[in-house]
Amino acid sequence: MGCDVTLQVTMHASPTKTGAMSSEISWDKLQEPCRLTVDMTVPEALNLADWDIWAELLIAQGAWTPDQDEPLGLSSLQEAHRPFINVFLRVSRWLLELARLPVFSQARVLSFAPQDPEGRSDQLVFELPVIDLMPQIAYETAVRVARDICQWMAYQAPNTKNSLTVFEALDKHVIQALMSVVPAGKSTIPVLKVAHAMGIPFMHLGLGVYQLGWGARSRRLDRSTTERDSAIGSKLAQNKVATANLLRCAGLPAPTHGVVLKEADALQVAAQLGYPLVVKPLDRDRGEGVSVGIVDEASLKVAFVQAQALAHSKQVIIEKQVPGVCHRLFIAGGHLLYAVQRLPMSVQGDGQRTVQQLVDEEVGMQALRPSWLRSGIRALDDLADQCLARVGLHRDSIPGPGVHVPLRPIESTAWGGVDIEVTQTLHPENIAAAIQAAQLFGLDVAGVDIISADISQPWHANGAIINEVNFAPLLGGGEISKSHLPRFLSDFMPGQGRIPIQLFASEAAAMQAQTESIERGMLCFFTSADTTLSPAGKTIVMPLNTLEQRLKALIGRADVEAIVLYQAA
């Protein structure tokens, strides 16, 4: 692809020079734009019918929405160039999002002109919002791949085979290529995308940690964790034995288990607890190495070997299995946000097709999707046959309408799963237990897993247990979770996290506005390009020499309730 994409970070959107601006300054006007220059060849005779189908295929995968505004400045281009550059700019932004950079605003076209007299190459200059402390290579990679993919699509039919070629290229050259260089977790983009839609400003502080909001109204978020989560609590939550011990000491229902290093000890614990059992590594998560439904010594020995091979400490938990399935209660800020029943990877019966037909159809449908959107369902295998047998089914069975047919023993990151919302059916005592568990570990945000045969009954009525208290649970990973993000952010960031910021062209007017704000009881700070004053009038020394830099510094301080800016006309 060559070195034909250049990137330059510039500050072009300094606050407008007006006498006073009582409304809050838009965060978009405080962000430094990323200016990119890319050499490309715009097709002279683009097949518009095929190009529209390509656009529809990308829209179906979430690249943009049909009603989304077009990139800024696009109307300034020649009409023949607009369709191609429109899709290219949208794909460039989308690829940054796929690489886990929270770039949600549309691009802005600055110029487009031929590079050589014969018109064989063109040069496009455009801007996108820059995310602080992110690698420049992410922008350059996204733009190069977007350019190459769009130029390839312009000459290819928009069919299934070619769309899969596009998706595979995006996965390989963007998602996989940038995974190790862009710091972000799976919850980061869904949460920040909703924050952007709600008008909540954010900025990257480094290492995938973001500040949402300004000054005294700001909060910090890393994936789904906040600055209020206890470091000690998170340490305890990541150890299954420590979790159970703390829950038990607090009078909450916890698993009954033993921790062993040897197979003989595993057999002894099993004799004490009685079957059925769960066997799992002491120090792994995401369902790795977990075996359920262990009912005899032979299967216990096999499960022990599997768990110990994955355990970092070589310690294995032998746990009494309780009836029921896992339910995750998502607790945020001391309240229930939502709850789901977590079923293993399954297909749903319709009363007409066999299990084999249901699975084959779903596997085929998932194969047509981009790899990062696939459910993880697999063709029927020996493990699926075992799971079917446990519920009295086989490949030729015809499950009734709405019946969930399990294809794996448990829900896990490796195997996937199916979530069913149960927020409205939870018994209040189960909610109270989950909230108490989150508070016990000092977690502002927690995923509390309760294994229960009927979550509408109180935990003590049917022998339910709190299986895990999860630090940094996945938020926004599925449609159920995404639907609750607005409420999560409304509670997390009241008032959109904004503080009053006023801009004046008169220093005296700015100082007067600071005085009036202080008299109203606000901790209001004054700043110009070279002087910053606290509410007490004390000079705050900063190694910064622009108004934008000092404003950004004040926005990052937790004691700032209002800001007045002075910028000479």
Side-chain angles (χ1 to χ4, degrees), residues 53-54 56-63 98 153 156-172 175-176 186 286-293 299 302-303 306 324-328 340-422 474 477-483:
I53 296 174
W54 272 118
E56 291 171 3
L57 287 170
L58 295 172
I59 288 172
Q61 309 309 324
L98 290 181
M153 290 191 305
Q156 305 297 324
N159 54 38
T160 299
K161 178 182 176 181
N162 287 336
S163 64
L164 289 176
T165 298
V166 169
F167 300 150
E168 290 169 4
L170 299 186
D171 188 26
K172 178 180 178 180
I175 298 176
Q176 299 300 325
K186 289 184 177 180
R286 303 182 300 176
E288 295 172 333
V290 177
S291 299
V292 299
S299 57
V302 173
Q306 292 175 344
V325 296
C326 181
H327 301 78
R328 172 158 294 183
V340 292
Q341 184 182 71
R342 308 180 74 186
L343 299 178
M345 178 59 67
S346 311
V347 289
Q348 193 172 45
D350 60 6
Q352 299 178 358
R353 289 174 293 174
T354 66
V355 172
Q356 182 76 63
Q357 291 172 327
L358 291 168
V359 172
D360 288 347
E361 180 175 334
E362 185 62 26
V363 169
M365 290 177 58
Q366 291 297 322
L368 299 178
R369 307 185 73 191
S371 59
W372 60 90
L373 294 179
R374 293 172 187 165
S375 67
I377 192 170
R378 308 176 189 182
L380 291 174
D381 54 16
D382 290 343
L383 182 56
D385 288 334
Q386 295 171 21
C387 295
L388 291 172
R390 288 174 184 167
V391 293
L393 298 174
H394 50 78
R395 298 188 181 204
D396 294 327
S397 298
I398 300 177
V403 174
H404 284 272
V405 180
L407 306 175
R408 287 292 181 264
I410 61 170
E411 183 277 340
S412 72
T413 301
W415 291 332
V418 176
D419 286 349
I420 300 174
E421 183 159 11
V422 293
L474 179 59
E479 293 306 312
I480 295 172
S481 186
K482 287 178 182 177
S483 71

How many angstroms lie between atom [atom1] of [X] and atom [atom2] of [Y], to the nearest 0.5 angstrom?
{"X": "L383", "Y": "R378", "atom1": "CG", "atom2": "CZ", "answer": "8.5 Å"}
{"X": "I377", "Y": "W415", "atom1": "CD1", "atom2": "CH2", "answer": "14.5 Å"}
{"X": "S375", "Y": "M365", "atom1": "OG", "atom2": "CE", "answer": "9.5 Å"}
{"X": "Q156", "Y": "S163", "atom1": "CD", "atom2": "OG", "answer": "12.0 Å"}

Residue from R353, Q352, Q348 passing side-chain hydrogen bond (donor to acceptor under 3.5 Å, both in side chains) with D350: R353
When you look at H327 and V325, which way does the side-chain contact (heavy atoms from CB on, under 4.5 Å) test go after all the steps? CA-CA 7 Å; H327 301 78; V325 296; 3.6 Å; yes
Going by distance alone, is a donor N or O of one side chain under 3.5 Å from an acceptor N or O of the other, for Q366 and E362? yes
Is the closest side-chain donor-acceptor distance between Q176 and D171 under 3.5 Å? yes
Heavy-atom pair of closest approach, residues [X] and [Y]:
{"X": "P409", "Y": "C387", "value": "N-SG, 3.3 Å"}
{"X": "A384", "Y": "L380", "value": "CB-CD2, 3.8 Å"}
{"X": "L343", "Y": "E411", "value": "O-CB, 3.5 Å"}
{"X": "A367", "Y": "L164", "value": "O-CD2, 3.4 Å"}
{"X": "V405", "Y": "L393", "value": "CG1-CD1, 3.9 Å"}

Would you say CG of D382 has more than 12 non-hydrogen atoms from neighbouring residues, nucleotides or ligands within 6.0 angstrom? no
Answer yes or no: is there a side-chain heavy-atom contact under 4.5 Å between L58 and M153? yes
